[in-house]
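Reading through the C-alpha coordinates given below for one structure.
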Amino acid sequence: MNVAKDALLLYAVTDRTWLTDQTLAQAVEASLQGGVTFLQLREKNLDFPSFLREACCLKTLAAAYHVPFVINDSLEIALACGADGVHLGQSDQSVRQARALLGDRKIIGASVQTVAQAKQAQAEGADYLGAGAVFPTASKQDATALTLGRLQAICQAVRLPVVAIGGIRQQNILQLAGSGIAGAAMISAIYAEPDIRAAAAQMKMLCQQLTAKGK
(Lines give C-alpha, C1' and ligand atoms only; values in the text may rest on other atoms or scores of the structure.)
Protein backbone atom coordinates (compact mmCIF):
# COMPACT_ATOMS: atom_id res chain seq x y z
CA MET A 1 0.00 0.00 0.00
CA ASN A 2 1.38 3.38 -1.00
CA VAL A 3 -0.67 5.60 1.28
CA ALA A 4 -0.96 5.61 5.06
CA LYS A 5 -4.48 5.27 6.45
CA ASP A 6 -4.05 8.43 8.53
CA ALA A 7 -3.29 10.46 5.41
CA LEU A 8 -6.83 9.87 4.18
CA LEU A 9 -8.53 11.47 7.20
CA LEU A 10 -9.56 14.74 5.49
CA TYR A 11 -9.55 14.23 1.74
CA ALA A 12 -10.19 17.40 -0.27
CA VAL A 13 -11.35 17.34 -3.89
CA THR A 14 -10.93 20.62 -5.76
CA ASP A 15 -13.74 22.32 -7.65
CA ARG A 16 -13.08 25.65 -9.33
CA THR A 17 -16.81 26.38 -9.72
CA TRP A 18 -16.82 27.56 -6.10
CA LEU A 19 -14.03 30.10 -6.62
CA THR A 20 -14.90 33.77 -6.13
CA ASP A 21 -12.06 36.24 -5.71
CA GLN A 22 -9.38 33.58 -5.12
CA THR A 23 -7.32 31.49 -7.49
CA LEU A 24 -7.56 27.72 -7.15
CA ALA A 25 -4.06 27.66 -5.65
CA GLN A 26 -5.05 30.23 -3.02
CA ALA A 27 -8.19 28.26 -2.12
CA VAL A 28 -6.24 25.02 -1.89
CA GLU A 29 -3.51 26.56 0.26
CA ALA A 30 -6.15 27.86 2.67
CA SER A 31 -7.57 24.33 2.93
CA LEU A 32 -4.11 22.88 3.53
CA GLN A 33 -3.53 25.44 6.28
CA GLY A 34 -6.81 24.28 7.81
CA GLY A 35 -5.64 20.67 7.98
CA VAL A 36 -6.44 18.86 4.73
CA THR A 37 -4.45 15.60 4.74
CA PHE A 38 -4.96 14.41 1.16
CA LEU A 39 -5.57 16.39 -2.04
CA GLN A 40 -7.19 15.42 -5.33
CA LEU A 41 -7.20 17.77 -8.33
CA ARG A 42 -10.47 17.39 -10.20
CA GLU A 43 -10.84 19.23 -13.50
CA LYS A 44 -13.57 18.49 -16.02
CA ASN A 45 -13.30 21.32 -18.54
CA LEU A 46 -9.69 22.51 -18.83
CA ASP A 47 -7.60 21.84 -21.93
CA PHE A 48 -4.46 19.74 -21.45
CA PRO A 49 -1.91 22.60 -21.12
CA SER A 50 -4.07 24.49 -18.61
CA PHE A 51 -4.79 21.30 -16.67
CA LEU A 52 -1.09 20.47 -16.54
CA ARG A 53 -0.12 23.96 -15.35
CA GLU A 54 -2.68 23.74 -12.55
CA ALA A 55 -1.49 20.25 -11.64
CA CYS A 56 2.17 21.32 -11.44
CA CYS A 57 1.22 24.30 -9.26
CA LEU A 58 -0.86 22.24 -6.83
CA LYS A 59 1.70 19.44 -6.71
CA THR A 60 4.29 21.91 -5.44
CA LEU A 61 1.81 23.30 -2.93
CA ALA A 62 0.80 19.89 -1.60
CA ALA A 63 4.43 18.85 -1.28
CA ALA A 64 5.14 21.93 0.84
CA TYR A 65 2.50 20.72 3.30
CA HIS A 66 3.62 17.05 3.04
CA VAL A 67 0.19 16.05 1.71
CA PRO A 68 -0.28 13.31 -0.94
CA PHE A 69 -1.50 14.71 -4.26
CA VAL A 70 -3.44 12.75 -6.87
CA ILE A 71 -5.14 13.58 -10.16
CA ASN A 72 -8.75 12.69 -10.81
CA ASP A 73 -9.24 10.46 -13.88
CA SER A 74 -6.25 11.52 -15.99
CA LEU A 75 -3.22 9.21 -16.06
CA GLU A 76 -1.64 11.48 -18.67
CA ILE A 77 -1.70 14.50 -16.37
CA ALA A 78 -0.57 12.43 -13.37
CA LEU A 79 2.45 11.21 -15.32
CA ALA A 80 3.24 14.60 -16.85
CA CYS A 81 3.24 16.51 -13.56
CA GLY A 82 4.80 13.78 -11.43
CA ALA A 83 1.80 13.55 -9.10
CA ASP A 84 1.79 11.04 -6.27
CA GLY A 85 -0.91 9.12 -8.08
CA VAL A 86 -4.32 9.03 -9.66
CA HIS A 87 -7.92 8.46 -8.64
CA LEU A 88 -10.08 6.45 -11.04
CA GLY A 89 -13.83 6.21 -11.49
CA GLN A 90 -15.69 3.15 -12.71
CA SER A 91 -15.78 4.54 -16.27
CA ASP A 92 -12.03 5.27 -16.40
CA GLN A 93 -9.14 2.93 -17.18
CA SER A 94 -8.97 -0.09 -14.91
CA VAL A 95 -6.81 -0.11 -11.81
CA ARG A 96 -4.76 -2.90 -13.41
CA GLN A 97 -4.04 -0.76 -16.49
CA ALA A 98 -3.15 2.24 -14.33
CA ARG A 99 -0.81 0.17 -12.17
CA ALA A 100 0.98 -1.11 -15.27
CA LEU A 101 1.56 2.46 -16.44
CA LEU A 102 2.35 4.13 -13.11
CA GLY A 103 4.40 1.40 -11.45
CA ASP A 104 4.26 0.01 -7.94
CA ARG A 105 5.16 3.14 -5.99
CA LYS A 106 2.39 5.49 -7.14
CA ILE A 107 -0.91 5.84 -5.31
CA ILE A 108 -4.01 4.54 -7.07
CA GLY A 109 -7.47 5.17 -5.68
CA ALA A 110 -10.71 3.81 -7.08
CA SER A 111 -14.33 4.87 -6.76
CA VAL A 112 -16.66 2.03 -5.78
CA GLN A 113 -20.33 1.59 -5.02
CA THR A 114 -20.51 -2.16 -4.30
CA VAL A 115 -18.62 -4.87 -2.45
CA ALA A 116 -17.84 -6.58 -5.76
CA GLN A 117 -16.26 -3.41 -7.17
CA ALA A 118 -14.26 -2.95 -3.97
CA LYS A 119 -12.88 -6.50 -4.10
CA GLN A 120 -12.00 -6.12 -7.77
CA ALA A 121 -10.17 -2.83 -7.20
CA GLN A 122 -8.22 -4.42 -4.35
CA ALA A 123 -7.32 -7.43 -6.47
CA GLU A 124 -6.09 -5.18 -9.29
CA GLY A 125 -3.76 -3.21 -7.00
CA ALA A 126 -5.63 -0.18 -5.67
CA ASP A 127 -4.21 1.53 -2.58
CA TYR A 128 -7.45 2.99 -1.25
CA LEU A 129 -11.12 3.22 -2.15
CA GLY A 130 -13.58 6.10 -2.36
CA ALA A 131 -17.08 4.81 -1.58
CA GLY A 132 -20.16 6.83 -2.36
CA ALA A 133 -22.07 8.84 -2.75
CA VAL A 134 -23.00 8.43 0.89
CA PHE A 135 -25.43 11.36 0.79
CA PRO A 136 -27.22 13.11 -2.10
CA THR A 137 -24.76 15.41 -3.86
CA ALA A 138 -24.90 18.11 -6.49
CA SER A 139 -21.51 16.98 -7.86
CA LYS A 140 -23.03 13.72 -9.15
CA GLN A 141 -26.76 14.21 -9.40
CA ASP A 142 -27.31 10.75 -10.92
CA ALA A 143 -25.62 8.98 -8.00
CA THR A 144 -27.77 6.86 -5.68
CA ALA A 145 -26.74 7.29 -2.07
CA LEU A 146 -25.17 4.25 -0.39
CA THR A 147 -26.81 3.01 2.76
CA LEU A 148 -24.72 2.92 5.90
CA GLY A 149 -25.02 -0.86 5.78
CA ARG A 150 -23.49 -1.06 2.32
CA LEU A 151 -20.69 1.30 3.33
CA GLN A 152 -19.94 -0.93 6.31
CA ALA A 153 -20.00 -4.00 4.07
CA ILE A 154 -17.48 -2.42 1.69
CA CYS A 155 -15.15 -1.51 4.56
CA GLN A 156 -15.37 -5.02 5.99
CA ALA A 157 -14.85 -6.73 2.63
CA VAL A 158 -11.40 -5.28 1.90
CA ARG A 159 -8.16 -4.62 3.75
CA LEU A 160 -7.74 -1.27 1.99
CA PRO A 161 -8.63 2.01 3.70
CA VAL A 162 -11.96 3.40 2.53
CA VAL A 163 -12.91 7.06 2.26
CA ALA A 164 -16.57 8.05 2.18
CA ILE A 165 -17.51 10.65 -0.40
CA GLY A 166 -20.56 12.53 -1.62
CA GLY A 167 -22.73 15.13 0.06
CA ILE A 168 -20.73 15.13 3.31
CA ARG A 169 -21.22 18.24 5.42
CA GLN A 170 -20.82 19.36 9.02
CA GLN A 171 -24.46 18.52 9.67
CA ASN A 172 -24.34 14.88 8.53
CA ILE A 173 -20.76 13.58 8.74
CA LEU A 174 -21.16 11.99 12.18
CA GLN A 175 -23.98 9.83 10.81
CA LEU A 176 -21.15 7.77 9.26
CA ALA A 177 -19.76 6.78 12.68
CA GLY A 178 -19.16 3.07 13.04
CA SER A 179 -18.88 2.46 9.31
CA GLY A 180 -15.19 1.66 9.46
CA ILE A 181 -14.04 4.40 7.08
CA ALA A 182 -10.55 5.87 7.32
CA GLY A 183 -11.71 9.36 6.45
CA ALA A 184 -14.07 11.54 4.48
CA ALA A 185 -13.74 13.25 1.10
CA MET A 186 -15.48 16.50 0.35
CA ILE A 187 -15.67 19.40 -2.04
CA SER A 188 -18.22 22.07 -1.19
CA ALA A 189 -18.04 21.52 2.58
CA ILE A 190 -14.59 23.10 2.28
CA TYR A 191 -14.34 25.09 -0.95
CA ALA A 192 -17.85 26.62 -0.98
CA GLU A 193 -17.34 28.13 2.47
CA PRO A 194 -16.37 31.81 2.82
CA ASP A 195 -13.54 30.91 5.24
CA ILE A 196 -11.93 27.85 3.64
CA ARG A 197 -9.23 27.48 6.28
CA ALA A 198 -11.75 27.48 9.12
CA ALA A 199 -14.06 25.10 7.26
CA ALA A 200 -11.22 22.63 6.73
CA ALA A 201 -10.20 22.85 10.38
CA GLN A 202 -13.79 22.18 11.49
CA MET A 203 -14.18 19.23 9.12
CA LYS A 204 -10.87 17.76 10.28
CA MET A 205 -12.04 17.88 13.88
CA LEU A 206 -15.26 16.12 12.90
CA CYS A 207 -13.33 13.51 10.88
CA GLN A 208 -11.21 12.80 13.95
CA GLN A 209 -14.36 12.35 16.04
CA LEU A 210 -15.88 10.16 13.35
CA THR A 211 -12.96 7.80 12.93
CA ALA A 212 -12.42 7.58 16.70
CA LYS A 213 -16.03 6.42 17.06
CA GLY A 214 -15.51 3.91 14.31
CA LYS A 215 -12.69 2.07 16.06
Side-chain angles (χ1 to χ4, degrees), residues 3-46 50-74 77-78 81 83-87 107 109 111 128 130-141 143 163-176 181-212:
V3 60
K5 181 179 177 181
D6 291 348
L8 294 163
L9 180 68
L10 180 56
Y11 185 127
V13 182
T14 69
D15 185 346
R16 66 177 56 248
T17 62
W18 295 108
L19 297 178
T20 53
D21 57 345
Q22 292 181 307
T23 66
L24 183 61
Q26 288 170 330
V28 166
E29 182 155 27
S31 71
L32 291 165
Q33 290 170 342
V36 161
T37 60
F38 197 98
L39 181 64
Q40 179 190 137
L41 175 60
R42 181 175 183 264
E43 293 289 354
K44 294 294 185 182
N45 299 307
L46 288 185
S50 299
F51 194 171
L52 181 56
R53 280 196 297 274
E54 202 74 87
C56 290
C57 175
L58 295 196
K59 173 180 176 287
T60 300
L61 199 51
Y65 286 84
H66 308 290
V67 166
F69 173 63
V70 300
I71 305 294
N72 185 59
D73 293 349
S74 177
I77 292 292
C81 77
D84 295 309
V86 68
H87 185 90
I107 299 168
S111 295
Y128 73 94
V134 292
F135 299 109
T137 173
S139 300
K140 288 191 176 182
Q141 296 184 2
V163 176
I165 187 169
I168 297 172
R169 311 194 64 79
Q170 291 184 20
Q171 295 82 358
N172 61 23
I173 186 171
L174 294 181
Q175 294 177 29
L176 302 174
I181 57 173
M186 55 203 76
I187 304 175
S188 61
I190 295 175
Y191 294 114
E193 294 297 318
D195 188 336
I196 291 173
R197 179 175 178 172
Q202 177 66 16
M203 294 309 298
K204 185 174 185 179
M205 182 186 70
L206 291 171
C207 285
Q208 289 168 333
Q209 290 182 27
L210 170 67
T211 53

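Worth saying up front: this structure is predicted, and the values here are computed from it rather than measured. Values reported hereafter were calculated over all heavy atoms of this structure, with side chains retained and with hydrogens, waters and symmetry mates removed.
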In the structure I gave you, are the side-chain heavy atoms of Leu46 and Arg16 within less than 4.5 Å of one another anywhere? yes
Tell me, do Ile71 and Phe51 make a side-chain contact under 4.5 Å, heavy atoms counted? yes
Interatomic distance, Leu32 atom CG to Phe69 atom CZ [nearest 0.5 angstrom]: 10.5 Å
Do Ile165 and Gln40 have side chains that approach each other closer than 4.5 Å (heavy atoms only, starting at C-beta)? no
For the student: nearest non-hydrogen atoms of Val67 and Leu39, plus distance: CG1-N, 3.8 Å
Looking only at non-hydrogen atoms, find the nearest pair between Ser111 and His87 and report the distance. OG-NE2, 2.8 Å
Determine the minimum heavy-atom distance between Val134 and Gly166, stating which atoms define it. CG2-O, 3.5 Å
Does the side chain of Phe135 come within less than 4.5 Å of Arg169's, by heavy atoms? no
SG of Cys81 to CZ of Arg53: how many Å apart, nearest 0.5 Å? 13.5 Å
Ignoring hydrogens and geometry, is there a side-chain-to-backbone donor-acceptor pair from Asp84 to Val70 under 3.5 Å? no
Can you confirm whether Val28 sits close enough to Tyr191 that some side-chain heavy atom of one is under 4.5 Å from a side-chain heavy atom of the other? yes
Looking at Ile77 and Ala55, what are the two nearest heavy atoms and their distance? CG2-CB, 3.7 Å
Looking at side-chain heavy atoms only, is the closest gap between Ile181 and Leu210 below 4.5 Å? yes
Fit a plane to each ring of Phe38 and Tyr11, take the angle between them on a 0 to 90° scale, and name the class: parallel (under 30°), tilted (30 to 60°) or perpendicular (over 60°). parallel
Of all the heavy-atom pairs spanning Gly167 and Asn172, show the shortest one and how long it is. O-ND2, 2.9 Å
Close side-chain approach of Leu41 and Lys59, heavy atoms under 4.5 Å: no
For Val163 and Ala185 the tightest heavy-atom approach is CG1-N, 3.4 Å
Rounded to the nearest 0.5 Å, what separates atom NZ in Lys5 from atom OH in Tyr128? 16.0 Å
CD on Glu54 to OG1 on Thr14, rounded to 0.5 Å: 8.0 Å
Side chains of Val13 and Asn72, heavy atoms from C-beta outward: is any pair under 4.5 Å? no
Say whether, by atom type as modelled, one donor and one acceptor occur between the side chain of Thr37 and the main chain of Leu10 under 3.5 angstrom. yes
Rounded distance (nearest 0.5 Å) linking atom CG of Leu174 with atom CD of Gln209: 5.5 Å
Take Trp18 and Ile190 through the side chain to side chain contact (heavy atoms under 4.5 Å, CB included) test and state the conclusion after the steps. CA-CA 10 Å; Trp18 295 108; Ile190 295 175; over 6 Å; no
Ignoring hydrogens and angles, tell me if any N or O in the side chain of Asp15 forms a donor-acceptor pair with the backbone of Ser188 under 3.5 Å. no
Rounded to the nearest 0.5 Å, how far apart are CD of Glu193 and CD1 of Ile196? 9.0 Å
